[in-house]
There are 2 protein chains.
Amino acid sequence: MKRRPTVIDVAKQAHVGASTVSRFLRGVKVRPQAAVRIAKAVESLGYHPDETARALRGGRSRTIGVLLPKVSNVFFSQSVQMMEEEARKSGCAVILLTHQDRMAQQTEHLTTLRRYRVDGVIITATPGTTSADIRAVLPEVPVVAFDNLFSPDFDSVVLRNRDAGRIATEHLIRHGYKSIACVTGKPEIYSFQERAAGYQEAMLKKGLKPNMITAANYEQLRFALAATIRSKTRPTAMLSLSDFATLTILSTFNELGLKSPSTLPLVGFDDFGFAPLVDPPLTVVRQPIESMVRYAMDTLFRRIDGESFEAAQTIMLAGELICRRSCGCL
Amino acid sequence: MKRRPTVIDVAKQAHVGASTVSRFLRGVKVRPQAAVRIAKAVESLGYHPDETARALRGGRSRTIGVLLPKVSNVFFSQSVQMMEEEARKSGCAVILLTHQDRMAQQTEHLTTLRRYRVDGVIITATPGTTSADIRAVLPEVPVVAFDNLFSPDFDSVVLRNRDAGRIATEHLIRHGYKSIACVTGKPEIYSFQERAAGYQEAMLKKGLKPNMITAANYEQLRFALAATIRSKTRPTAMLSLSDFATLTILSTFNELGLKSPSTLPLVGFDDFGFAPLVDPPLTVVRQPIESMVRYAMDTLFRRIDGESFEAAQTIMLAGELICRRSCGCL
DNA sequence: CTGTTAGCGCGTTCAA
DNA sequence: TTGAACGCGCTAACAG
């Protein structure tokens with residue numbers, strides 16, 4: 001049960017002062033002979049600097065907070081994977097927190113992030129969040145909004161959701177469908193609202209009547225869908241705003257014993273490995289996750305490193321329509 | 001740009017000593033009047049304790065490290081989601097790291113975890129890892145192996161992989177198939193090896209000849225599969241050891257213009273939302289992720305809290321075969 | 001270029 | 001019960 005070695009131990013063994021060790025470790029120039037002895041001592045003692053002490057002393061924890069609704073879906077799990085990699089390149093560790101779209105949990109997590117003194121935060125905020133909510137707890141910490149846009153006070157990186165919604169809708173219209181429904185759960189979520197707005201724009205521009213099918217949760221959405229499918233005014237095509245909505249649509253169809261390809265064309269959001277293998281192969285809007293994450297992390301680290309003093313900026317990236325069979329193509 | 005308030009600030013405003021504030025914050029009894037004044041001061045100053053200072057002082061960072069191969073698949077993303085929730089219940093934050101099955105990255109991450117002084121570690125180690133590799137860097141930190149079993153020195157939580165492999169294979173045999181291939185990428189991974197062992201047991205017990213189709217990466221696996229499918233000794237059914245292998249099988253079939261249901265029955269591992277909607281609906285072994293995570297985290301926290309001094313134990317949980325159509329059922 | 005010193009904010013002595 | 005004082009390990013400031 002021996003103590004972990006400290007700079008002092010290394011200093012003694014290398015016959016130098018503690019600050020010389022500190023300098024050496026951080027890449028500042030020291031006398032070559034000393035450098036060798038320090039390196040040797042570090043090795044033989046198995047010394048590793050203590051980040052908690054560094055953080056206390058320096059005010060920087062080399063830690064960034066990632067606060068998302070959840071990670072158990074394609075979009076967020078790929079995002080967090082990349083965030084971790086990008087953070088590592090900048091010498092930071094990721095503290096991962098999920099709020100499940102519950103405001104109370106998000107608030108709690110924000111104070112957690114404050115307590116841990118994270119150097120920066122990436123957040124996909126729950127609907128209704130204001131910049132004041134965040135600044136009350138994290139007054140001076142760089143924050144980048146990811147996949148949502150809840151305040152002009154923060155740098156934000158989002159999909160061109162409205163365009164994506166419009167493009168997907170226009171694609172269906174071009175296939176000749178006129179009665180197109182737009183379905184989503186959690187309609188209060190920013191990106192879904194934008195996608196829906198794009199859908200409505202596209203519909204109205206062609207003189208078609210928008211038809212939103214939404215529900216607070218997915219059980220209710222299932223009901224709403226079943227009702228719609230059975231009704232006589234049943235839509236001839238659907239735009240689904242999330243992978244989960246797509247899943248709900250398809251399984252509802254399945255339960256009713258209907259195959260969607262022949263019965264009802266569909267375009268969804270978010271691509272994933274099995275999308276081409278679903279029956280029918282899914283036409284989707286793919287989000288450029290890699291770019292989104294990279295922009296978000298770059299922006300964050302430029303703020304952290306104090307290289308950027310401009311006003312907050314919003315970066316919007318285009319989605320890509322990937323045509324497979326579910327929309328009626330092929 | 002005012003300083004963050006500290007215990008001292010709170011102490012002054014409440015007309016008490018700093019240690020009284022500290023006691024109050026940690027739930028130790030203090031004079032009732034003082035308690036009220038402290039609470040008021042905390043509120044009005046917007047005070048939040050600094051975890052980095054706590055960690056330095058107390059030697060506990062209230063942080064646990066989660067080191068996984070990746071998070072961008074169903075199994076790990078659901079796991080990490082639950083780990084985060086469980087950690088929160090115990091007042092800890094999760095530092096998430098991924099090693100992509102690269103030993104060098106894993107080693108680097110282990111030292112990262114040491115530097116951050118994490119209180120405990122959950123690890124899905126890359127193949128070839130030894131307990132010495134870990135203890136060299138983290139001599140005194142509780143470590144729980146998750147989804148792999150690389151050393152009896154650590155508490156471990158894993159699926160009954162061998163049983164699961166056997167059961168899945170027996171299921172196919174019961175359907176009357178005799179020439180069953182077992183396909184996986186990354187055959188060096190612990191859980192795949194176990195599942196393969198179960199497959200071989202089941203085959204040999206029935207006097208059938210095992211037929212492993214493996215490859216180091218998925219591009220090669222695709223080739224191997226294509227070759228197998230075209231050959232005259234083509235297997236009549238397949239057992240896939242991971243969702244990624246399943247994906248590879250199905251898309252290879254697709255490229256060759258074959259539909260698997262009629263052509264080749266299949267059982268896979270890991271259930272996911274779209275599994276019933278794939279063509280054909282996938283029969284899979286579902287891992288009890290919730291239980292696995294809960295056991296892992298419970299074990300870890302019992303070690304951290306010093307409630308457990310027994311030798312390391314291995315917890316193995318049964319998988320559940322979920323029959324859909326791809327195996328030939330229905 | 002170097003070593004000594006003084007905190008960073010907290011929890012834990014210890015004596016009152 | 002309380003408050004004063006020390007030190008966790010590190011780095012920035014300072015004087016050599």
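Here is how names work: the chains are called A, B, and so on, in the same order as the sequence lines, proteins then strands, and each is numbered from 1.
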Determine whether the side chains of A:S19 and A:R23 contain a donor N or O and an acceptor N or O closer than 3.5 Å. yes

What's the CZ-C1' distance between A:R62 and D:dT11, to the nearest Å? 10 Å

Nucleotide C:dT4, atom P - distance to NE2 of A:H15 in whole Å: 13 Å

Take atom CG of B:L56 and atom P of D:dC6, then tell me their distance rounded to the nearest Å. 18 Å

Check the distance between C:dG3's C1' and A:K12's NZ and give it to me in whole angstrom. 14 Å

Return no unless some side-chain N or O of B:R54 is found under 4.0 Å from OP1 or OP2 of C:dG11. yes

Length of the line joining A:R37:CZ and C:dC1:C1', which is rounded to integer Å: 13 Å

Taking OP1 and OP2 of D:dC10, is either one under 4.0 Å from a side-chain nitrogen or oxygen of A:Y47? yes

Contact summary for B:L149 and B:Y190, nearest pair of heavy atoms: CD2-OH, 3.2 Å

Does A:R23 get its side chain close enough to the base of C:dG3, under 3.5 Å, for a donor-acceptor pair? yes

Distance only, no hydrogens: is a donor on one side chain within 3.5 Å (strictly under) of an acceptor on the other, for A:T98 and B:E84? yes

Heavy-atom side-chain contact between A:L159 and A:F75 under 4.5 Å: no

What is the distance from CG of B:D50 to P of C:dG7, rounded to the nearest Å? 18 Å

At under 4.0 Å between heavy atoms, what does B:R26 touch on the DNA or RNA strands: base, sugar-phosphate, or nothing? sugar-phosphate

Hey, does the side-chain of B:R60 have a donor or acceptor N/O within less than 3.5 Å of a partner on the base of C:dG11? no

Selection from C:dG9, C:dT13, D:dA12 that lies nearest to any side-chain heavy atom of A:R57: D:dA12

Please tell me if A:S22 has a side-chain N or O lying less than 4.0 Å from either OP1 or OP2 of D:dT11. yes

Quick check on the helix from C:dC1-D:dG16 to C:dA16-D:dT1: what's the angle between its two end axes, five base pairs per end, to the nearest 10°? 40°

Between D:dG9, C:dT2, C:dG9, which one does the side chain of A:A34 approach most closely? C:dT2

More than 12 heavy atoms from other groups under 6.0 Å of CD on B:E43: no

Quick one: does B:S19 reach the base of D:dA4 with a side-chain donor-acceptor pair under 3.5 Å? yes

From CA spacing to verdict: side-chain contact (heavy atoms from CB on, under 4.5 Å), B:D119, B:F301: CA-CA 9 Å; B:D119 296 335; B:F301 280 110; over 6 Å; no

So, A:K89 and A:E86, do they make that salt bridge, N to O below 4.0 Å? yes

Starting at atom CZ of A:R4, determine the distance to atom C1' of D:dC10, rounded to an integer number of angstrom. 13 Å

Looking at the side chain of A:K29, which of D:dG9, D:dT11, C:dC1 is the nearest nucleotide? C:dC1

Taking the side chain as every heavy atom from C-beta outward, state whether B:I304 and B:I64 have any pair of such atoms under 4.5 Å apart. yes

Report the distance from atom CD of A:E51 to atom P of C:dG9, rounded to the nearest whole Å. 18 Å

As a test of reading the structure: which of C:dC10, D:dG3, C:dG3 is closest to the side chain of B:T20, going by heavy atoms? D:dG3

Between B:P32 and A:A53, just flag the one whose closest nucleotide in DNA chain D comes earlier from the 5' side. B:P32

